[in-house]
Amino acid sequence: MKSEKKNVLELERVSMRFGGLTAVNDLSLGVPEGGITGLIGPNGAGKTTVFNVITGFYKPTSGSVSFAGQAITGLPPHRVCKAGLSRTFQNIRLFHNGTVLENVMTGSYVRQNGAWWECLSPFIFRCAAIEEREIRESSLALLDRLGLAAQAGVLSSSLPYGAQRRLEIARALATKPRFLLLDEPAAGMNPQESAELLNFIRRLRDEFELTIFLIEHDMKVVMGVCEHIWVMDMGALIAEGAPAEIRENHRVIEAYLGKPDDGEAGRCK
Amino acid sequence: MSNGTRNAILNFLAVGGFVYFLWWAPENLDGYKLRIINLIAINAILGLSLNLVYGMTGMFSLGHAGFMAIGAYVSALLVLTPGQKATMWILEPMVPWLLNLHAPFLISLVLGGAAAAFVGCLIALPVLRLGGDYLGIATLGFAEVIRILIANLIPITNGSLGLKGIPAHTDLWMSYGCLGAVLFFMVRLMNSNFGNVLRAVRDDEVAAKTMGIDTFKIRVLAFTIGCFGGGLGGALLGNLLTTIDPRMFMFIQTFNILMIVVVGGLGSMTGTIMGSVFVTTMLEWLRITESPMTIGSLRIPGIPGMRMLIFSLLLIAVIIFRSQGIMGTREFSWNWFFGDWGDGRKAKGAR
C-alpha cells in the first residue's frame, strides 16, 4: 500500500543533538500522502523533538527535511506553516485571552492578502474589507464543522478540555494546511472521548483532504486509526510497519516493557 | 428601539456633547484648567501608543520618554522661526542647514511622529530579540541614550538649555483632534484581524509562529507604530508647554504613562482614556495637599512632595482592589453600560 502513494514528507538521516545529548539519531522516514500515520515510543524517545524539527522550531544538527518536494530544513516556523504544514501541541497552546472565533481568525491570517493598514478604511480598501468579512464567515463555518459554532463568542480559556483540543485543531485547519501534525491529541481524554477522537481524526482526513501524522501514547487510538506506525526509542527508529506488525514486534515490546531477563541488572547500567 | 439605533443615537449625543464642550471651554475656563484638559488628551495619546506596545502586543517597553523627546524636538525645530533660532543658540552656533528649515505645525507633528517611529524601528531591530523584563531594561537604556544625545548635540538641539518660545499651537481642538485620530486608528486596527494577530503574539508567541505569523516582524511593526504615537504626543506636549529641555524626558515621564496604562487596564483603549483622566487630574488636584492647611487648631505646613505620597497610596489601593486596572482588557460599550453584559468583549468599538 505504501508504495502506491507518494511520500509528501521526507526526513532524511535527521539527527538532533543538544550538547552531549542526542535526542534524535539518524532518523529517516517518509510519510505517504493522504494517510494517517503515527509515531510512538516511550517517554523521552524524541518524538516531540522530531515534530519540532519538522515544524522549524529546531534546526536539525544534520540531515534534511523536505515537504512536497521542497526543502524545509531549518526554515522558521511561520514559513513552514505557509508551506502547508500545521500542528497542535502536547500541552494545549491557545490564545487564551481571545474568543474561540478570534483564535480561528488568527489562524487565517497567514493566508490573508490585505496589508495591515488596509483595515483603516473599508471604503477606500474595499477588497481588504471583503476579505476580512470572508475570513470571519469562513472561520465561523469551520467552527460549525467542528461543532464549536455555539461557543464562537466565548473566551477560549473557558472551554472544557476536550473542546479546547478541538479548537486547537480548528485553528490549525484555518491555516489551510495539507499536512497536520497532532502531538498527543488524546492526552487527558477519558476512554469515551478518545473513542470519539478516532472517528474525528478519520473525518478530518477525509473532509479536509489532509495527511495526518500523530504522536500518541494511547495505544487504542494509535492502533485504531493509524495505517502505518514508526516506533522510536532513545532517539532512534526501532521499528515500522502496520499496527498488527508493530503489536507483535519484540523490540517494541522490549522498549516499552523492558527485556524479560533484564531485571535489576539492566536498570543499573 | 433596537440596541444598534440606541447606540448610534448615544454615540452621536456623546460626540456632539463633547464637541460643544470643546467650543465652550476656552471661553469659560481659566488657563490652568485648559492646560489640564489638554494634558489629558496628550497623555491619552501617549497611553494609547504605549498600550499598543505593552498591553496589546505584550512588549514591556520603558522607552517612551525617549521617543517623546524625539517628537518634541523635531516638531519644535520645525515650527520655530529662523529668527528665533538665530538668537537662541548661545553656547555653540546652530548648524546652518537647520536654521532655515521651517514647516507648518500639522506637518511638524507628523514628521515628529515619523522621526520617532524611524528611530524606534532602528532600535527595535536588535532589541526586540529580547523578551520580558530584559526588553524593558534595554528600552529604558535606549531612551536614556536618546536623552543624553539630545543634551550633547548642542549645534542641533541647543543642549541642556532647551528650546524656548515654541509657538503655542496645541489647543483643545488640536489635541483632541489628534486623540480622535489616534483612537480611530487604534479601534480600527484592534478590531481587525491584525488586532487578533497582535493579541496572539502577546498570548502565546510559539503558537503564533506555528500559525504562520512572523512574530518578529509583527513586534517590530507594533513597536514602530507605538513610537509614532510617542513622538506625536511629545510634539503636542512641546507645543503646549512652549518650552522643552532634555530633563523633561527622564524616566519619570515614561513612568507616568505606564501608570496611566496600568491603572486603566492593560489592553483596553477606553481604560487608557479613563486612566489618563484619573492620573492627570489626580496629579494636579492633589497639589492642594502640598499647601499649608489649617484643620481646627492644627496647622500643617506645606510639605513638598506630599501629593506623590498620597498618589502612591492611591495606586497601591488600585493594585490591591483592582489589579487588572479599571477596565481590565474590556472595552466600554453602551450595551455594557446598560447592563447587557454578554461577554463584555464582543461588543467592542461602540465609541
Side-chain angles (χ1 to χ4, degrees), chain A residues 52 55-57 76-89 92-99 101-112 114-122 128-129 131-133 135-136 139 152-158 168 171-172 174-177 181, chain B residues 52 55-58 181-222 224-225 228 265-268 324 328-331 335 340-349:
Chain A
N52 284 339
T55 51
F57 281 96
H78 64 269
R79 300 268 307 275
V80 174
C81 174
K82 207 154 197 178
L85 263 153
S86 196
R87 74 174 285 187
T88 64
F89 292 89
I92 304 174
R93 284 178 170 274
L94 291 172
F95 305 126
H96 49 265
N97 284 316
T99 63
L101 177 63
E102 283 168 355
N103 266 275
V104 175
M105 284 178 71
T106 308
S108 308
Y109 181 74
V110 67
R111 307 284 173 215
Q112 193 170 346
W116 62 272
W117 37 265
E118 291 187 344
C119 64
L120 293 180
S121 170
E131 191 184 21
E132 188 94 14
R133 205 175 56 233
I135 283 179
R136 187 172 291 269
S139 301
V154 174
L155 269 189
S156 65
S157 54
S158 63
E168 210 190 10
R171 192 183 63 179
T175 66
K176 298 208 171 71
L181 297 125
Chain B
L52 177 73
M56 324 247 176
T57 323
V182 170
L183 200 58
F184 171 81
F185 175 83
M186 291 277 288
V187 167
R188 298 286 321 175
L189 195 68
M190 293 318 289
N191 286 342
S192 74
N193 201 20
F194 188 74
N196 290 336
V197 170
L198 291 182
R199 284 183 287 259
V201 172
R202 171 193 67 191
D203 282 353
D204 194 326
E205 200 175 341
V206 170
K209 278 181 186 162
T210 313
M211 292 300 107
I213 297 164
D214 188 349
T215 54
F216 182 69
K217 199 175 118 193
I218 297 285
R219 275 153 53 103
V220 170
L221 188 56
T224 307
I225 299 172
F228 184 93
L266 279 173
S268 168
Q324 72 276 46
T329 54
R330 280 191 310 255
E331 296 294 347
N335 293 347
D340 325 339
W341 286 50
D343 180 34
R345 291 199 35 153
K346 282 187 286 181
K348 280 187 280 198

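None of the values given here were measured: they were computed from a predicted structure. Throughout, protein chains are lettered first and strands after them, A, B, ... in sequence-line order, and every chain is numbered starting at 1.
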Exercise. If every non-hydrogen atom of A:Met105 is compared with every non-hydrogen atom of B:Asn193, which pair is closest and at what distance?
Worked result: O-ND2, 3.1 Å
Exercise. Based on non-hydrogen pairs under 4.5 Å, which of A:Thr106, A:Val80, A:Thr88 is most in contact with chain B?
Worked result: A:Thr106
Problem set entry | For chain B, the option from A:Leu120, A:Asn103, A:Val110 that forms the most heavy-atom pairs under 4.5 Å | A:Leu120
Exercise. CG/B:Asp204 to CZ/A:Phe89 distance, rounded to the nearest 0.5 angstrom?
Worked result: 7.0 Å
Exercise. So which part of B:Leu198 gets closer than 4.5 Å to some heavy atom of chain A, the side chain, the backbone, both or neither?
Worked result: neither
Problem set entry | Closest-packed option against chain B by number of heavy-atom pairs under 4.5 Å, given A:Ala129, A:Cys119, A:Pro77 | A:Cys119
Exercise. How are the rings of B:Phe194 and A:Tyr109 set relative to one another: parallel (under 30°), tilted (30 to 60°) or perpendicular (over 60°)?
Worked result: tilted
Exercise. How would you list, in number order, the residues of residues 209-216 of chain B that have a heavy atom less than 4.5 Å from chain A?
Worked result: B:Lys209, B:Thr210, B:Met211, B:Gly212, B:Ile213, B:Asp214
Problem set entry | Under the ring-ring contact (aromatic ring centres under 6.0 Å, His included) test, residues paired with A:Phe95 that sit two or more places apart | none
Problem set entry | side-chain hydrogen bond (donor to acceptor under 3.5 Å, both in side chains) partners for A:Arg87, two or more places apart | A:Asn52, A:Thr55
For this session: Apply side-chain contact (heavy atoms from CB on, under 4.5 Å) to the pair B:Ile218 and A:Trp116, showing each step before the final yes or no.
Result: CA-CA 10 Å; B:Ile218 297 285; A:Trp116 62 272; over 6 Å; no
Exercise. Quick one: what part of B:Val201 sits under 4.5 Å from any heavy atom of chain A, side chain, backbone, both or neither?
Worked result: neither
Problem set entry | Which portion of A:Leu101 sits near chain B, non-hydrogen atoms under 4.5 angstrom | neither
Exercise. With a cut-off of 6.0 Å (strictly less than), are more than 12 heavy atoms of other residues, nucleotides or ligands near CZ of A:Arg79?
Worked result: no
Seminar exercise, completed: Sequence neighbours excluded, the answer for salt bridge (Lys or Arg N to Asp or Glu O under 4.0 Å) partners of B:Arg188 is none
Seminar exercise, completed: So OG of A:Ser157 and CG of B:Asp203: to nearest 0.5 Å the spacing works out to 9.0 Å
For this session: Measure A:Gln112 against the heavy atoms of chain B and call it side chain, backbone, both or neither at under 4.5 Å.
Result: side chain
